[in-house]
Amino acid sequence: MPLVDINLNEVKEKPRLPAGQDLEFAIVVANPGIAKQANKRTGNREPLISYELHPVDPEWSDRKVYGFWSLSPGALESDDPVWSIKKFFIVVGHGIGPQGNFATEDLMTIRFIGQVGYKEGDNRPKLNKILRRA
């Protein structure tokens with residue numbers, strides 16, 4: 001049987017982003033798109049904004065958090081800024097255009113304080129709370 005020439009004893013595991021701890025995030029990618037699945041309420045594949053966040057703290061800056069804001073009516077009406085991009089803009093104090101619109105490039109100027117969480121059995125961090133502008 002072949003021997004794999006690697007010393008696993010020398011591997012240093014990266015710790016996970018701490019769940020439930022306030023962290024400053026920067027949005028580094030924001031792209032418009034369409035959901036892969038149809039919305040259960042509307043039956044349509046709704047538009048969305050996918051994002052990639054990086055913690056600003058140098059200790060965690062190599063980590064990434066991925067997510068999206070749905071632009072479906074239900075998501076937009078939510079009072080949770082994790083789900084509603086409208087509520088996100090309110091919580092972080094970011095203005096929208098006179099017609100109620102925004103540019104995805106504007107998102108990449110925003111830094112905010114938030115928290116991540118983990119689903120059981122999944123080690124990928126998900127944005128759990130958006131607390132305020134940084």
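Quick note: numbers below take in every heavy atom, side chains included, and nothing from hydrogens, waters or symmetry partners.
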So side-chain hydrogen bond (donor to acceptor under 3.5 Å, both in side chains) across residues 98-108, not counting sequence neighbours, yields none
Using every non-hydrogen atom in the two residues, find where Ala30 and Ile49 come nearest and quote the distance to one decimal. CB-CG2, 4.3 Å
Report the hydrophobic cluster partners of Phe68, with the cluster defined as I, L, V, M, F, W, Y residues connected by side-chain heavy atoms closer than 4.5 angstrom, directly or transitively. Leu48
Ring pair (Phe, Tyr, Trp, His ring centres under 6.0 Å) with Phe102: which residues, sequence neighbours excluded? Phe89
Rounded distance [0.5 Å steps], CD1 in Ile34 versus OG in Ser70: 10.0 Å
Which residue pairs pass the salt bridge (charged side-chain N to carboxylate O under 4.0 Å, His left out) test with at least one member in residues 27-54, sequence neighbours excluded? none
Heavy-atom closest pair (Pro125 atom, Val65 atom, distance to 0.1 Å) is O-CG1, 3.8 Å
Under a side-chain separation threshold of 4.5 Å, the hydrophobic residues clustered together with Met1 are none
Show your reasoning for whether side chain to side chain contact (heavy atoms under 4.5 Å, CB included) applies to Leu76 and Ile85. CA-CA 7 Å; Leu76 291 171; Ile85 197 162; 3.9 Å; yes
Tell me, which pairs form a side-chain hydrogen bond (donor to acceptor under 3.5 Å, both in side chains) where one or both residues lie in residues 116-128, sequence neighbours left out? Asp122-Arg124
Under a side-chain separation threshold of 4.5 Å, the hydrophobic residues clustered together with Ile113 are Leu131
Please list all pairs meeting side-chain hydrogen bond (donor to acceptor under 3.5 Å, both in side chains) that have one or both residues in residues 74-84, counting only residues at least two apart or in different chains. none
With clusters defined by side-chain heavy atoms of hydrophobic residues (ILVMFWY) lying less than 4.5 Å apart, directly or transitively, does Leu71 cluster with Leu107? yes
Under a 4.5 Å side-chain heavy-atom rule over Ile, Leu, Val, Met, Phe, Trp and Tyr, are Val82 and Ile90 clustered together? no
Residue set satisfying side chain to side chain contact (heavy atoms under 4.5 Å, CB included) with Val92, at least two apart, ordered chain then number -> Phe88, His94, Ile110, Phe112, Ile130, Arg133
Taking ILVMFWY side chains as joined if any heavy atoms are under 4.5 angstrom apart, and letting links pass through other members, which residues group with Val29? Val28
Residues 6-27 side chain polar contacts: donor-acceptor under 3.5 Å, at least two apart:
unit_1 : atom_1 : unit_2 : atom_2 : d
Asn7   : OD1    : Asn9   : N      : 2.8
Asn7   : ND2    : Glu10  : OE2    : 3.4
Lys14  : NZ     : Asp62  : OD2    : 3.1
Asp22  : OD1    : Gln115 : NE2    : 2.6

Determine which pairs satisfy ring pair (Phe, Tyr, Trp, His ring centres under 6.0 Å) with at least one residue from residues 35-58, sequence neighbours left out, and list them in order. Tyr51-Trp69
